[in-house]
Amino acid sequence: MTAPDHMLSELLIVACSEVFRNNGEIVATGIGPIPRVAAGLAKTTHSPELLMTDGEAYLVEEPVPIGPRGYDDRKPSGYLPFSRYFDSAVWTGRRHALVSPIQIDRFGQMNLSYVGGTFDKPKVQMLGVRGFPGNTIHHINSMFVPAHSTRIFVPGEVQSVSSVGYNPARRLKGADFSGVDLRFIVTDLCVMDFGGPDHAIRLVSLHDGVTLDQVREATGFDLLVDGTPPVTPAPTEEQLAIIARLDPHNIRATVLKGNPPGKRS
């Protein structure tokens, strides 16, 4: 069966939704438009047991659409203020966050702090490490990268290690790293996981029309590949309809730079 026409952003939403499959009753947190809609798609389809918030102080059974909306359009199912959210989800490991760091190395260490220069005098100052150290040691994390390049997937180590990864050189003797659980990376070129030796990044699938050479050229480290990678599944008509409902203002059409040839805009 021929897949329906779709934008690249819609394929990425579907691919990102799959990172939450079989997670159980945990909080699914998508940071940014594509990850946020992806979490909603997952809860609406294959993983209804996922917990979601309205982004403020309530749990919701129906994912809240992104963009402008009436404040009372949400349907709360439980009270979850910021302090309780940390106690019941973040520090207890009952959360899966889909995040977008500015650098990633082959062992999943992420940089959210700065690029260029030095720690004291950075060329570009970003957010700082924020909650990345605690988040990556306490609950599941996956990553979304809208522009796969060597600027993101860097050779060697990220410039500022903002999160706990799988780098053997960073494993302190006697420390407990059993809570580190990095799952997937979805980019505009492919899907990857941490199934290589020592949990190094490994290619899982290529998006339609993307070649292995393209991905390798855009990756700053040697990318592990097992056999011939499959093609990332395209969205179905049902998934596209749900995505349109979760993004009624079509924000998904504006978050990526252009649309590849053959994709609808």
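What you see below is based on every heavy atom in this structure, not just the backbone, and it leaves out hydrogens, waters and symmetry mates. When a residue number appears, it is its place in the shown sequence, counting from 1.
Taking the six-membered ring where the residue is Trp, the centroids of H199 and F107 are separated by 6.0 Å or more.
A donor-acceptor contact under 3.5 angstrom links the side chains of T29 and R95, judged on distance only. Side-chain atoms of H148 and D188 form no donor-acceptor pair, as typed in the model, at a separation below 3.5 Å. When only modelled atom types and interatomic distance are considered, T232 and S205 share a side-chain donor-acceptor pair under 3.5 Å. For the 3.5 Å distance criterion, the side chains of T211 and D213 fail to qualify, holding no donor opposite an acceptor. Side-chain contact, Q103 with Q159: no donor N or O sits under 3.5 Å from an acceptor N or O.
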Show the numbers, then the answer: is there a side chain to side chain contact (heavy atoms under 4.5 Å, CB included) between T136 and M110?
CA-CA 10 Å; T136 48; M110 297 180 278; 3.8 Å; yes
Given R84 and Y79, is the side chain to side chain contact (heavy atoms under 4.5 Å, CB included) satisfied, shown in steps?
CA-CA 9 Å; R84 187 179 297 177; Y79 184 50; 4.1 Å; yes
Pair L12-V186, side chain to side chain contact (heavy atoms under 4.5 Å, CB included): steps then yes or no:
CA-CA 7 Å; L12 299 184; V186 177; 4.2 Å; yes
Verify side-chain hydrogen bond (donor to acceptor under 3.5 Å, both in side chains) between D176 and S178, making sure each step is shown before the conclusion.
CA-CA 6 Å; D176 182 8; S178 62; 2.7 Å; yes
Run the side chain to side chain contact (heavy atoms under 4.5 Å, CB included) test on F177 and R170 for me, step by step, so that the C-alpha distance in whole Å, both residues' side-chain angles and the decisive distance to 0.1 Å come before the verdict.
CA-CA 10 Å; F177 291 92; R170 291 277 182 177; over 6 Å; no
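Here the side chain of S160 pairs no donor or acceptor atom with the backbone of S162 at under 3.5 angstrom. One N or O on the side chain of H207 and one on the backbone of C190 form a donor-acceptor pair closer than 3.5 Å. When atom types are taken as modelled, the side chain of N135 and the backbone of H138 share no donor-acceptor pair closer than 3.5 angstrom.
Across V14 and S17, no two heavy atoms sit closer than the pair O-OG, 2.7 Å. When every heavy atom of L223 is checked against every heavy atom of V215, the shortest pair comes out as CD2-CG1, 3.5 Å. When all heavy atoms of L246 and G40 are compared, the closest pair comes out as CD1-C, 3.6 Å.
Remark: E217 CD is loosely packed, at most 12 non-hydrogen atoms of other residues, nucleotides or ligands lying under 6.0 Å away. The number of heavy-atom neighbours closer than 6.0 Å to CZ of R171, taken from other residues, nucleotides and ligands shown, is above 12.
For the side chain to side chain contact (heavy atoms under 4.5 Å, CB included) with F20, the qualifying choice from L41, L50, I140, I26 is L50, the only one to do so.
Ring planes of W91 and F86: tilted class, angle from 30 to 60°.
Looking at F184 and M192, their side chains never come closer than 4.5 Å, going by heavy atoms from C-beta outward. Counting only heavy atoms from C-beta outward, the side chains of L240 and E10 approach each other to under 4.5 Å. Annotation: side chain of C16 is in contact with side chain of I34 (closest heavy-atom distance under 4.5 Å). Within the 4.5 Å cutoff, the side chain of Y85 has heavy atoms near those of the V90 side chain. T219 places none of its side-chain heavy atoms less than 4.5 Å from the side chain of R216. For the pair V99 and F144, the minimum side-chain heavy-atom distance is 4.5 Å or more. Side-chain contact check for P63 versus T44: some heavy-atom pair is nearer than 4.5 Å. Looking only at side-chain heavy atoms (C-beta outward), H139 and D181 stay at 4.5 Å or farther from each other.
In this structure, D193 CG and I201 CD1 are separated by 9.5 Å, a value rounded to the nearest 0.5 Å. Residue R106 holds its CZ atom at 6.0 Å from CG of L224, rounded to the nearest 0.5 Å. Between the CG atom of L11 and the CZ atom of R252 there is a distance of 13.0 Å, given to the nearest 0.5 Å. Note that CZ of R245 is 12.5 Å distant from CG of D247, once rounded to the nearest 0.5 Å. Going from atom NE2 of H6 over to atom CG of D208 covers 7.0 Å, rounded to the nearest 0.5 Å. Distance check, rounded to the nearest 0.5 Å: CE of M52 to CD of E61 gives 10.5 Å.
Using a cutoff of 4.0 Å between basic side-chain nitrogens and carboxylate oxygens, R202 and D226 are scored as salt-bridged. Electrostatic pairing of K43 and E49 does not count as a salt bridge here, judged by no charged N lying under 4.0 Å from a carboxylate O.
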